[in-house]
Amino acid sequence: MKTSGQKKFLEPLLFEISKPGRAAFSLPENDCPAIDPGNIMPSNLIRDSVNDFPEVSENEIVRHFTRLSQLNYAIDTGFYPLGSCTMKYNPKVNEVVARLPAFTSTHPFQPVSQTQGNLQLLWELEQFLAEITGMARVTLQPAAGAHGELTGMMMIKAYHLDRGQNRHIVLVPDSAHGTNPATSTLCGYKVQVIPSNERGLIDFSALNQAMSEDVAAIMITNPNTLGLFETEIEQIAALVHQKGGLVYCDGANMNALLGISRPGDMGIDVLHLNLHKTFSTPHGGGGPGSGPVAVQKQLQPFLPVPVIDRDAQGCFFLSPGDERSIGKISTFLGNFAVAVKAYTYINSLGPAGLKKVSQIAVLNANYVRQTLKPTYHIPFDTLCKHECVFNDKLQQQYQVSTLDIAKRLIDYGFHPPTIYFPLIVKGALMIEPTETETPEMIDHFVATMKQISREAAEDPEMVRSAPFNAPLKRLDEVLAARKPKLRFNYEAGSSSAPGK
Ligand SMILES: *Cc1c(COP(=O)(O)O)cnc(C)c1O
């Protein structure tokens with residue numbers, strides 16, 4: 001595969017296109033008196049001039065951004081098997097409903113007498129999610145999964161303090177998503193890691209040893225990040241409860257459980273969901289998302305405020321909540337449009353449809369597991385749930401790594417799977433096909449993965465040099481994350497530009 005010729009040819013004309021005097025439009029001369037900026041803002045915040053500002057024609061700016069948008073890989077353009085992220089197709093009808101003017105034109109400061117419909121939608125979505133998860137009450141306020149975790153852990157902390165207990169440890173399995181230890185630490189807890197056993201599940205005897213009356217909670221993920229169901233979940237919850245601890249469940253990935261089993265029935269006390277994974281909001285660009293938190297009865301008084309409530313006449317109102325509440329965690333009631341999409345999604349599928357989502361998601365993951373198994377090593381080879389985790393053990397004899405395999409997939413038009421996570425699998429390739437792919441697409445993906453394994457044996461140097469068919473090749477990913485170049489003319493810099 002070669003680099004697309006046309007793009008290469010145009011390359012010199014595509015960047016640093018600014019030329020002095022070019023503009024995308026022209027406005028009539030100002031016929032109003034000029035405003036002295038010193039009158040409307042503090043003078044130390046006013047800059048003398050705008051340096052290094054790109055000057056381009058309309059034609060160039062349209063091409064620039066249209067071209068950049070085409071460089072994005074999206075679920076709307078192809079298969080996106082990014083494990084733990086549930087990059088499934090999001091039905092467009094949900095977008096249409098979220099954009100209805102009656103929703104988009106309401107203002108959060110409008111009196112509740114004018115927003116009864118919106119409050120009803122939020123209230124009903126809370127009920128749906130409580131029913132799906134088997135929990136007592138839900139808040140829709142957190143803006144992301146990690147924000148939901150923080151909200152949940154703050155409630156756990158408030159619960160223990162309310163009982164006069166200053167517990168200081170949170171147990172986190174070694175397969176956990178990185179946000180779990182981060183959240184616990186942010187809440188002032190000491191994280192104690194629980195190892196996984198040879199089956200990829202929580203080591204019960206290690207947990208038994210670690211569990212004490214200093215432990216505030218365990219943060220558990222089920223199915224875990226290997227895509228495996230924690231079969232001893234009830235015993236785990238019982239053990240933690242016995243010592244007065246609580247069980248937090250990271251429910252970011254609910255795609256395997258919908259309509260099949262409920263965390264609330266497994267002994268979970270608090271759980272967050274990611275509406276932008278399981279409940280049909282596109283994600284990957286940094287938002288907007290939504291990370292509702294569901295709790296059991298004993299944690300209800302600690303829910304963030306305001307709480308949506310209903311009076312005797314059936315009218316909705318915003319209750320100030322219990323005095324033990326953790327307070328406000330969001331400016332208003334959460335990302336409303338994301339809630340509208342989840343509400344539409346759940347209503348359009350219904351209970352039977354939701355169950356089918358999970359059945360097909362699990363079927364597809366197991367199909368990938370079975371068909372790729374002879375070609376790629378699978379460290380924990382048992383029935384999986386929504387995703388399966390391989391590694392590069394069989395390709396290492398050719399010095400071809402997980403990163404090389406992922407880069408080579410780009411040449412074939414696929415978004416790579418999640419790589420090098422979970423950390424407990426060396427060289428992990430974490431594949432989540434989701435329920436929205438056709439059998440033909442999954443077969444094509446499997447065939448491509450097998451092709452790459454053949455290439456690894458026959459021409460390892462080529463695989464190590466991939467991708468060939470991408471606008472950029474191998475980036476310094478650490479530098480790209482730590483020192484991103486987000487500004488025009490970054491190198492030249494400008495002393496007058498704020499925020500440098
Ligand atoms: C995605 C994910 C999170 C974090 O969700 P954000 O919305 O990205 O903050 C937490 N835990 C697990 C298991 C996840 O997959």
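As the structure lists them, so they are numbered: ligands from 1, and atoms in each ligand from 1.
- Counting only N and O atoms by type, the side chains of Glu435 and Asn255 include a donor and acceptor under 3.5 Å apart.
- A distance-only check finds no donor-acceptor pair linking the side chain of Lys157 to the backbone of Tyr189 [under 3.5 Å].
- With hydrogens and angles ignored, the 3.5 Å screen pairs no side-chain donor or acceptor of Lys243 with any backbone N or O of Val215.
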What short N/O contacts, under 3.5 Å, does ligand 1 make with the protein, listed by atom pair and distance?
from     : atom 1 : to     : atom 2 : distance (Å)
ligand 1 : 5 (O)  : Asn274 : ND2    : 3.1
ligand 1 : 7 (O)  : Gly145 : N      : 2.7
ligand 1 : 7 (O)  : Asn274 : ND2    : 3.2
ligand 1 : 7 (O)  : His276 : NE2    : 2.7
ligand 1 : 9 (O)  : Gly145 : N      : 3.3
ligand 1 : 9 (O)  : Ala146 : N      : 2.8
ligand 1 : 11 (N) : Asp250 : OD1    : 3.2
ligand 1 : 11 (N) : Asp250 : OD2    : 2.5
ligand 1 : 15 (O) : Ser84  : O      : 2.8
ligand 1 : 15 (O) : Ser84  : OG     : 2.8
ligand 1 : 15 (O) : Asn253 : OD1    : 3.3
ligand 1 : 15 (O) : Lys277 : NZ     : 2.7

(message) Using ring pair (Phe, Tyr, Trp, His ring centres under 6.0 Å), reason through Phe332 and Phe109 one step at a time and then give a plain yes or no.
(response) CA-CA 9 Å; Phe332 298 107; Phe109 282 134; 5.2 Å; yes
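- Nearest heavy-atom pair across Gly251 and Leu271 is CA-CD1, 3.9 Å.
- Looking only at atom types and distance, the side chain of Glu230 has a donor-acceptor partner in the side chain of Asn224 under 3.5 Å away.
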